[in-house]
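See below for the structure under consideration.
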Amino acid sequence: MRFLEGSSLVSFATTLQYVLAVEVNPKPPLSWAEASEKAGSFVSQLSTPEKVGLVTGAYGSGLLLPCVGTIAAIKRLDFGGLCFSDGPAGVARSDGVSVFASGITVAATWDRRLMYERGLALGQEFRAKGSHVYLGPSAGPMGRHARGGRNWEGFGPDPYLAGVAMNESVSGIQAAGVQASSKHYIGNEQETQRVPSIRKDGTVIEAISANIDDRTLHELYIWPFANAVHAGTASVMCGYNRVNGSYSCGNSEILRTILKDELAFPGYIVSDWDATHSTENTANGGLDMEMPGNQTVSGAYYFGDSLIEAIDAGRVPADRLDDMASRVMRSYFRLGQDVGFPSPDPSSGASFLTYTYGRGSPLASLYPEVPARDVRGNHARGIRELGAAGTVLLKNVNRTLPFTNETGFAVFGNDAPDPTLGSVYLVYGDDAVGNEIGTLDIGGGSGTVRHTNLVSPLEALREKVNSIGGRIQWLFDNNEIADGRFRSIYPLPQVCLLFLKAFATEGTDRENLDFQWNATMAVESTAALCPNTIVVTHGPGVVLMPWADNENVTAILAAHYPGEQTGNSITDVLWGTVEPSGRLPYSIPKAASDYGPPLVEFPESVTDSNAWQADFVEGQMTDYRHFDANDGTEPLYEFGFGLSYTNFEMGQRLDVDLIDGQLSRVADQSKGIAPGGLVDLWTTVAVVTVNVTNSGHRAGFAVPQLYVSLPQATTPPGTPVKVLRGFEKVFLEVNEMREVRFELMRRDLSYWDENTKQWVIPEGSICFVAGFSSKDLHARAEAAALG
């Protein structure tokens, strides 16, 4: 079997090499200094148009597909160009790939190992598909708004947990020799008016501006990006929105002053697609690469020929262009992409055009339909494990779960079977509502991934129930369920499993925080029929559960968007093959109004071009910090919460050890600066220990969490009551006790001083509290860190 790849014929045997390559890790990366030397030598040999080609998407190249973005080859120097592909939950626009768990599910595992292994597996698939750059991971949006359409792509609203996930993800992705492009920098917290719009009279209405004070910016929104830079991310993607009045991709304060100078980021900054709005101001402001360049949908792009003109006229210094090109090549050389990197899989173009425009469309014939490189390897195993680990048990009355001797089951809900629309749901924007019938394991938009394989809950449950000699009934129409007659259900099952879903997508924010498709009535009707109703939810993060206290709802599991093994993952948890070890990476409110600031929304008739302003007046008081600051408002389920099939206890003694004694007020600048910022900020300065015991009847995972309270009297207004600063996932046998150790860096005990523009250790006693959620706290200690 042979197929066309670029301009050469490649045998099917060569394709198999890429399947095997999924399991092969490339050599360790070069140091940034070594990569800089190679990049400098390379760039010194280039003409101005060639340098511009390195920083302008598709400038001088042919078709965009099968990559969502390209940098053209420079054949005379054996540079084959760059291929950019969408993540963050798999290789988008491709066949023969895995659908991995989404970011919010990863955060719900609270498991560093799984975060890293998912990143590594993703990197392996991107590499085997010929994609140099993985567009992810995402720490923006963080979830300021519960209705945010892309919250599911990221790791939730806590900067510490998101920062750990960013670190592990970047490390794993780049261990496979693929560039991570950490996104969307920064304050990209809503889809509504994320880009400019044009009224019928031609008036341009500017994109929304995230107006964020300097302290909140540093302590909340930049925090996880600092982790990504510290981990060595090759690239950072700036977002569509404005920040404090200026578009993100041309904002010199956030790009140059903070990211490149303060955080010492040595890689390149790439624009989100069509997020560039000018030439010299953008280039001088710190943007290093425009995407997609001359293949933009809008037809307008600002680098390419315009950048050459600006260089020739002196509006952009020549050494700035050298810096832009060098940053691009530095990341390329650092990850060894100049040696043995696979070429892009041509099938990705064919599959994308087919499922976008349909068979028979002239566009679908642009690429020949050829066999896809199947790059999945054994990744289904890890996806299944992570999907189970990211499932949070919220309710379990009288130990309903795990199942033991039950044999009669009914499966209800439109989230249980295979999707009726097939392997991918592509519509996004104002018309996106998701499949009416079909399980939901990933969100929508550019981050969605086509299923080469999907194990639905119905499929997995049928296999399991048949294996134990049981019986399974089913009813998927939520309207029929809500009607309450259940005409097809006989006899009455021992267990009713109701699967609910909430769809979220790029391009639009969620209409509300409810589960869709008449879900609340479906719960009430099922619970009226069945006194043992178990609700399993698939959703993008924060959802409302007004039925949570129904006495016939005996168990609730939040499974998030777990990826292609969704059915196997939930079945493993239901029967106790796997411990439900997930914990909430966000809070679930009792009412939407309890959660925090609403989206900024205006009618289409708005005429003020600068009307869209999002003032982040809440500062750092989002999610659990918001609930802490409003004592009278309690969540339904708090941040960090999750039940287990066993019980855990925590000792009341919390030991705090300042490793080298009390600290100086500010970091020691003599230790230098490295990617991530001042080296001293990343130095471990304290160790906190506490004992955790499994007091239950079976082995399981505890997730002890450490929170830090800086003294309110000596820190500026707006200091949160407490912030997460440590967690561990600990496996304990029955009656086993272990000492859990939390290591804290200087940055963990500091606040950002807006006046001096530096991280400061406060005067007075710092309070350390440990527990099993933001509300379930058991051990406490105080220590003065400042000498």
Side-chain angles (χ1 to χ4, degrees), residues 31-33 35-36 39-40 55 139-140 159 163 166 170 180-187 210 212-239 242-271 280-289 316-331 334 666-683 745-747 750-760:
S31 68
W32 282 113
S36 293
V55 303
M166 289 292 282
V170 168
S181 185
S182 301
K183 65 183 188 180
H184 305 86
Y185 184 81
I186 196 167
I212 314 173
D213 66 88
D214 196 32
R215 185 181 179 195
T216 299
L217 198 65
H218 279 80
E219 294 190 36
L220 188 56
Y221 295 101
I222 288 173
W223 184 286
F225 283 96
N227 284 85
V229 173
H230 189 253
T233 188
S235 173
V236 171
M237 181 194 292
C238 51
R242 294 181 292 164
V243 177
N244 296 328
S246 298
Y247 279 99
S248 299
C249 291
N251 188 316
S252 62
E253 175 67 18
I254 64 170
L255 299 186
R256 194 174 63 230
T257 303
I258 295 177
L259 187 55
K260 291 184 175 179
D261 294 343
E262 182 187 316
L263 297 183
F265 174 55
Y268 62 95
I269 302 172
V270 59
S271 73
E280 53 261 33
N281 289 341
T282 299
N284 292 330
L287 184 69
D288 300 305
M289 180 188 291
V316 175
D319 59 0
R320 172 67 188 117
L321 178 60
D322 287 346
D323 177 56
M324 295 162 69
S326 294
R327 285 174 175 271
V328 173
M329 296 308 298
R330 187 179 298 150
S331 293
R334 182 170 184 263
V666 298
D668 184 355
Q669 297 194 24
S670 68
K671 294 183 179 179
I673 190 169
L678 291 173
V679 171
D680 197 28
L681 288 174
W682 299 88
T683 302
M745 294 177 284
R746 171 181 277 272
R747 75 193 286 246
S750 304
Y751 70 92
W752 179 257
D753 188 300
E754 292 184 308
N755 295 321
T756 62
K757 302 290 184 182
Q758 57 189 337
W759 293 95
V760 174

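Contact check on Asp288 versus Lys260 returns a salt bridge, with a Lys/Arg side-chain nitrogen under 4.0 Å from an Asp/Glu carboxylate oxygen.
In this structure, Trp682 and His230 have parallel ring planes: the angle between them is below the 30° cut-off, well short of the 60° mark.
Two residues are said to be in side-chain contact when any heavy atoms from C-beta on lie closer than 4.5 Å; Ile222 and Leu263 meet this criterion. With a 4.5 Å cut-off on side-chain heavy atoms, Arg747 and Asn227 count as touching. Residues Asn284 and Pro317 form a side-chain contact, since some pair of their non-hydrogen atoms from C-beta on lies under 4.5 Å apart. Residues Asp261 and Arg256 have side chains in contact (heavy-atom distance under 4.5 Å, counting atoms from C-beta outward). No side-chain heavy atom of Leu678 sits under 4.5 Å from any side-chain heavy atom of Lys671. Taking 4.5 Å as the limit, some side-chain heavy atom of Ile258 sits within range of a side-chain heavy atom of His218.
Residues Ile269 and Gly286 come closest through the heavy atom pair CD1-O, 3.6 Å. Leu287 and Ser271 make their closest contact through CD1-N, 3.5 Å (heavy atoms, listed as atom of the first residue, atom of the second, distance). Ala234 approaches Ser331 most closely through the heavy-atom pair O-OG, 2.8 Å. Minimum interatomic distance between Asp214 and Glu754 (heavy atoms only, all atoms of both residues): N-OE2, 3.1 Å. Shown here for Val55 and Leu321, the closest heavy-atom pair between the two residues is CG2-CD1, 4.2 Å. The two residues Arg334 and Gly232 come nearest to each other via the heavy atoms NH1-O, 3.5 Å.
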(request) Given side-chain contact (heavy atoms from CB on, under 4.5 Å), test Thr683 with Arg746 step by step and report yes or no. (result) CA-CA 6 Å; Thr683 302; Arg746 171 181 277 272; 5.6 Å; no

(request) Apply the test side-chain contact (heavy atoms from CB on, under 4.5 Å) to residues Trp759 and Trp752: give CA-CA distance (whole Å), side-chain angles for both, the deciding distance (0.1 Å), then the verdict. (result) CA-CA 5 Å; Trp759 293 95; Trp752 179 257; 3.5 Å; yes

(request) Give the intermediate values and the outcome of side-chain contact (heavy atoms from CB on, under 4.5 Å) for residues Glu262 and Val229. (result) CA-CA 11 Å; Glu262 182 187 316; Val229 173; over 6 Å; no

(request) Kindly indicate, with the supporting measurements, whether the criterion side-chain contact (heavy atoms from CB on, under 4.5 Å) is fulfilled by Asn244 and Glu253. (result) CA-CA 10 Å; Asn244 296 328; Glu253 175 67 18; over 6 Å; no

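Note that the CE atom of Met237 and the OG atom of Ser248 stand 12.0 Å from one another [nearest 0.5 Å]. Note that OG of Ser670 is 8.0 Å distant from CG of Asp680, once rounded to the nearest 0.5 Å. Taking CZ from Phe225 and CE from Met166, the interatomic distance works out to 5.5 Å, rounded to the nearest 0.5 Å. Between the CZ atom of Arg330 and the OH atom of Tyr268 there is a distance of 12.5 Å, given to the nearest 0.5 Å.
Ser326 contributes no side-chain N or O that, together with a main-chain N or O of Ala39, makes up a donor-acceptor pair within less than 3.5 Å. Between the side chain of Glu280 and the backbone N or O of Val316, no donor-acceptor pair lies under 3.5 Å. At distances below 3.5 Å, not a single donor-acceptor pair connects side-chain atoms of Arg215 with backbone N or O atoms of Leu220. Judged by distance alone, the side chain of Asn251 and the main-chain N or O of Val243 form a donor-acceptor pair under 3.5 Å.
Among Val236, Ile254, Leu259, the one residue that satisfies the side chain to side chain contact (heavy atoms under 4.5 Å, CB included) test with Ile186 is Ile254.
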